[in-house]
Engineer: 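Sharing a structure here in structure tokens format.
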Amino acid sequence: MSKANTNMNKDIKIYIAGHRGMVGSAIWRNLESKGYTNLIGRASAELDLRNQQAVNDFYQAEKPEVVIDAAAKVGGILANNDYPYQFLMENMQIQNNLIDAAHQNNVKKFIFLGSSCIYPRLAPQPLKEEYLLTAALEPTNEWYAIAKIAGVKACEAIRKQYNKDFVSLMPTNLYGPHDNFDLKSSHVLPAMLRKFHEAKCNNNTPIELWGSGTPMREFLHVDDLADAVVFAFENQLQENLYNIGTGRDLTIKELAALIQGIVGHTGEIIWDSSKPDGTPRKLMDVSKMMDAGWKAKIGLEQGIKETYKWFLENVNTVKQVKM
Ligand SMILES: NC(=O)c1ccc[n+]([C@@H]2O[C@H](COP(=O)([O-])OP(=O)(O)OC[C@H]3O[C@@H](n4cnc5c(N)ncnc54)[C@H](OP(=O)(O)O)[C@@H]3O)[C@@H](O)[C@H]2O)c1
């Protein structure tokens with residue numbers, strides 16, 4: 001069990017790096033709903049986290065007591081494949097600057113967010129935290145994964161050497177409001193939602209999906225992740241690395257059928273098996289986090305319905321990432 005921090009002060013100063021992103025904005029909403037009043041965030045245009053001096057100046061001026069790192073360069077297979085250097089280097093710059101400034105400025109608690117792609121491509125399933133660095137990574141996103149592994153290890157080293165409360169949370173695939181729906185750089189679930197929606201609006205034309213449809217994936221609503229992050233902030237977790245997921249997966253074909261039904265598309269689905277599938281299966285073992293006292297609450301069908309509703313309300317302004 002984790003050690004509950006019973007006297008959590010609601011005006012503790014919390015910096016959420018990446019607060020305008022899908023994850024950061026969900027964490028902000030969750031903290032606000034729990035009555036935290038002293039939240040700070042900066043857009044990348046105001047504070048470029050790749051710039052070490054700017055990050056150090058920001059910490060010295062603002063003196064955050066807690067830092068949640070939800071800032072990163074993120075993207076799907078295509079983007080990772082086309083921009084390996086940016087995915088490796090920019091992520092390392094962002095996290096190194098945030099972590100080291102937190103260490104130098106005596107930040108009390110640091111939460112680092114990574115992703116399930118840190119685990120080996122062919123690791124036994126479900127993925128346990130202890131499988132980290134036991135075999136080769138999935139080549140399509142190894143650039144991103146290596147940066148994230150370095151972040152996990154930096155937090156672990158600070159924890160070990162200085163006994164500080166730096167912890168890493170590894171979420172499975174996320175979806176929800178403020179996701180990236182740009183077809184060139186988005187993840188599988190938002191990409192499918194958009195494709196099915198556009199095909200439905202276009203007289204139910206057939207849609208083409210990548211790969212064979214057989215890989216198995218797990219999906220977590222971003223509000224559930226935000227809940228886990230706030231749990232990790234309010235409780236002192238005993239170890240350095242925790243998986244965050246639902247512990248349940250489904251095939252990409254099953255996901256497509258679910259989304260097709262929710263959107264109401266009645267056309268054909270064509271699977272382009274000449275395109276890569278990625279890792280055959282990726283399911284998180286979430287027992288460590290469950291033992292600590294947290295579990296996911298939002299079911300996949302309910303979560304996708306809510307996300308589709310959000311997409312429809314924001315269809316003209318959804319994120320279009322430019323690389
Ligand atoms: N999405 C997923 O499925 C998923 C799954 C597992 C883990 N995660 C993890 O969750 C974290 C956040 O992901 P997300 O999906 O929320 O991404 P996102 O929506 O793209 O948001 C990323 C945020 O990072 C900020 N950022 C990027 N580069 C920056 C820079 N150079 N300087 C300052 N800020 C910068 C952006 O700020 P601006 O908006 O101001 O430009 C943006 O708000 C990442 O660590 C990711 O690995 C995501």
Side-chain angles (χ1 to χ4, degrees), residues 15-30 40-55 58 67-77 79-80 83 86-99 101 110-119 127 141 143-152 155 168-182 185-193 217-226 228-229 232 241-246 278 282 284 296 303 307 318-323:
Y15 166 44
I16 302 158
H19 74 298
R20 302 191 326 153
M22 174 170 70
V23 170
S25 60
I27 295 168
W28 187 290
R29 289 194 300 276
N30 189 302
I40 51 172
R42 292 286 183 278
S44 58
E46 299 168 275
L47 173 62
D48 185 344
L49 295 170
R50 294 169 300 181
N51 181 334
Q52 187 180 20
Q53 189 59 53
V55 174
F58 168 74
V67 175
I68 299 172
D69 177 5
K73 184 171 189 64
V74 306
I77 296 179
N80 267 267
Y83 301 94
Q86 276 74 26
F87 275 87
L88 179 69
M89 189 52 65
E90 292 190 17
N91 281 310
M92 292 213 299
Q93 287 170 329
I94 291 169
Q95 72 204 27
N96 287 352
N97 293 339
L98 286 171
I99 293 169
F110 189 99
I111 300 178
F112 177 67
L113 288 169
S115 129
S116 58
C117 69
I118 63 165
Y119 294 113
L127 295 164
N141 57 19
W143 318 98
Y144 181 74
I146 284 178
K148 291 293 185 184
I149 293 170
V152 170
C155 292
S168 297
L169 304 181
M170 296 303 113
T172 188
N173 303 299
L174 301 172
Y175 69 97
H178 301 281
D179 207 342
N180 171 16
F181 289 89
D182 174 55
S185 57
S186 56
H187 291 118
V188 57
L189 194 153
M192 273 192 195
L193 255 181
R217 292 290 183 272
E218 175 188 12
F219 297 93
L220 180 74
H221 194 286
V222 71
D223 288 347
D224 262 338
L225 171 63
V229 170
L241 174 60
Y242 289 83
N243 291 340
I244 313 291
T246 63
K282 219 157 74 169
M284 291 291 214
T307 306
V318 289
K319 203 183 301 176
Q320 297 282 334
V321 174
K322 293 193 178 52
M323 299 300 296

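Counting starts at 1 for both ligands and their atoms, in listed order.
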Engineer: Please state which part of Q93 comes within less than 4.0 Å of ligand 1, counting heavy atoms only: side chain, backbone, both or neither.
Structural biologist: neither
Engineer: Which ligand 1 atoms are under 4.0 Å away from a heavy-atom of L49?
Structural biologist: 30 (C), 31 (N), 32 (N), 33 (C), 34 (N)
Engineer: When you measure from the heavy atoms of L47 to every atom of ligand 1, does any distance fall below 4.0 Å?
Structural biologist: yes
Engineer: Within the structure, does K73 bring an N/O atom to less than 3.5 angstrom of an N/O atom in ligand 1?
Structural biologist: no
Engineer: Among pairs that include at least one residue of residues 87-97, which meet side-chain hydrogen bond (donor to acceptor under 3.5 Å, both in side chains), considering only residues two or more places apart or in two chains?
Structural biologist: R50-E90
Engineer: Heavy-atom contact under 4.0 Å between T172 and ligand 1?
Structural biologist: yes
Engineer: Would G24 count as a polar contact of ligand 1, with the cut-off being nitrogen or oxygen pairs under 3.5 Å?
Structural biologist: no
Engineer: Between H187 and ligand 1, find which residue part has any heavy-atom pair under 4.0 Å and reply side chain, backbone, both or neither.
Structural biologist: side chain
Engineer: For ligand 1, which atoms sit closer than 4.0 Å to a heavy atom of R50?
Structural biologist: 31 (N)
Engineer: Looking only at N/O atoms, are V74 and ligand 1 under 3.5 Å apart anywhere?
Structural biologist: no
Engineer: Looking only at non-hydrogen atoms, find the nearest pair between A54 and D48 and report the distance.
Structural biologist: CB-O, 4.5 Å
Engineer: Given S116 and N243, is the side chain to side chain contact (heavy atoms under 4.5 Å, CB included) satisfied, shown in steps?
Structural biologist: CA-CA 8 Å; S116 58; N243 291 340; over 6 Å; no
Engineer: Taking the six-membered ring for Trp, are Y175 and F219 parallel (under 30°), tilted (30 to 60°) or perpendicular (over 60°)?
Structural biologist: perpendicular
Engineer: Could you walk me through whether L49 and F58 pass the side chain to side chain contact (heavy atoms under 4.5 Å, CB included) test, one step at a time?
Structural biologist: CA-CA 10 Å; L49 295 170; F58 168 74; over 6 Å; no
Engineer: Under 3.5 Å between any N/O of Y144 and any N/O of ligand 1: does that happen in this structure?
Structural biologist: yes
Engineer: Kindly confirm or rule out an N or O of A43 lying under 3.5 angstrom from an N or O of ligand 1.
Structural biologist: no
Engineer: State the atoms of ligand 1, each with its element, that fall below the 4.0 Å cut-off from a heavy-atom position in S115.
Structural biologist: 6 (C), 7 (C)
Engineer: Should K148 and F112 count as side-chain neighbours, where that means a heavy-atom distance under 4.5 Å?
Structural biologist: yes
Engineer: Do N173 and H187 come close enough that some side-chain heavy atom pair is under 4.5 Å?
Structural biologist: no
Engineer: Using a 4.0 Å heavy-atom cut-off, say whether D179 meets ligand 1 through its side chain, its backbone, both or neither.
Structural biologist: neither
Engineer: Heavy-atom distance to atom 10 (O) of ligand 1: which of I16, L220, V23 wins?
Structural biologist: V23
Engineer: Taking distance alone, with N or O pairs closer than 3.5 Å, would you say P171 contacts ligand 1?
Structural biologist: no
Engineer: Can you find a heavy atom in the side chain of H221 that is under 4.5 Å from one in the side chain of P177?
Structural biologist: yes
Engineer: Decide yes or no on side chain to side chain contact (heavy atoms under 4.5 Å, CB included) for M170 and V152, but give the supporting numbers first.
Structural biologist: CA-CA 9 Å; M170 296 303 113; V152 170; 3.5 Å; yes
Engineer: A72 to ligand 1: N or O pair under 3.5 Å?
Structural biologist: yes
Engineer: Which option out of G176, G151, G114, A54 puts a heavy atom nearest to atom 8 (N) of ligand 1?
Structural biologist: G114
Engineer: According to side chain to side chain contact (heavy atoms under 4.5 Å, CB included), who are the partners of W143, at least two apart in sequence or on a separate chain?
Structural biologist: P84, F87, L88
Engineer: Show which atoms of ligand 1 fall inside a sub-4.0 Å distance from at least one heavy-atom site of L113.
Structural biologist: 45 (O)
Engineer: Do L113 and D69 make a side-chain contact, defined as non-hydrogen atoms from C-beta onward lying under 4.5 Å apart?
Structural biologist: no
Engineer: List the atom of C117, the atom of N141, and the distance in Å for their closest heavy-atom pair.
Structural biologist: CB-ND2, 3.5 Å
Engineer: Geometry only, no angles: is D69 polar-contacting ligand 1 at N/O separations under 3.5 Å?
Structural biologist: no
Engineer: Do Y119 and M284 have side-chain heavy atoms sitting under 4.5 Å apart?
Structural biologist: yes
Engineer: Before signing off on this row, confirm whether K148 and ligand 1 have an N or O atom pair separated by under 3.5 Å.
Structural biologist: yes
Engineer: If we only count N/O pairs under 3.5 Å, is A45 in contact with ligand 1?
Structural biologist: no
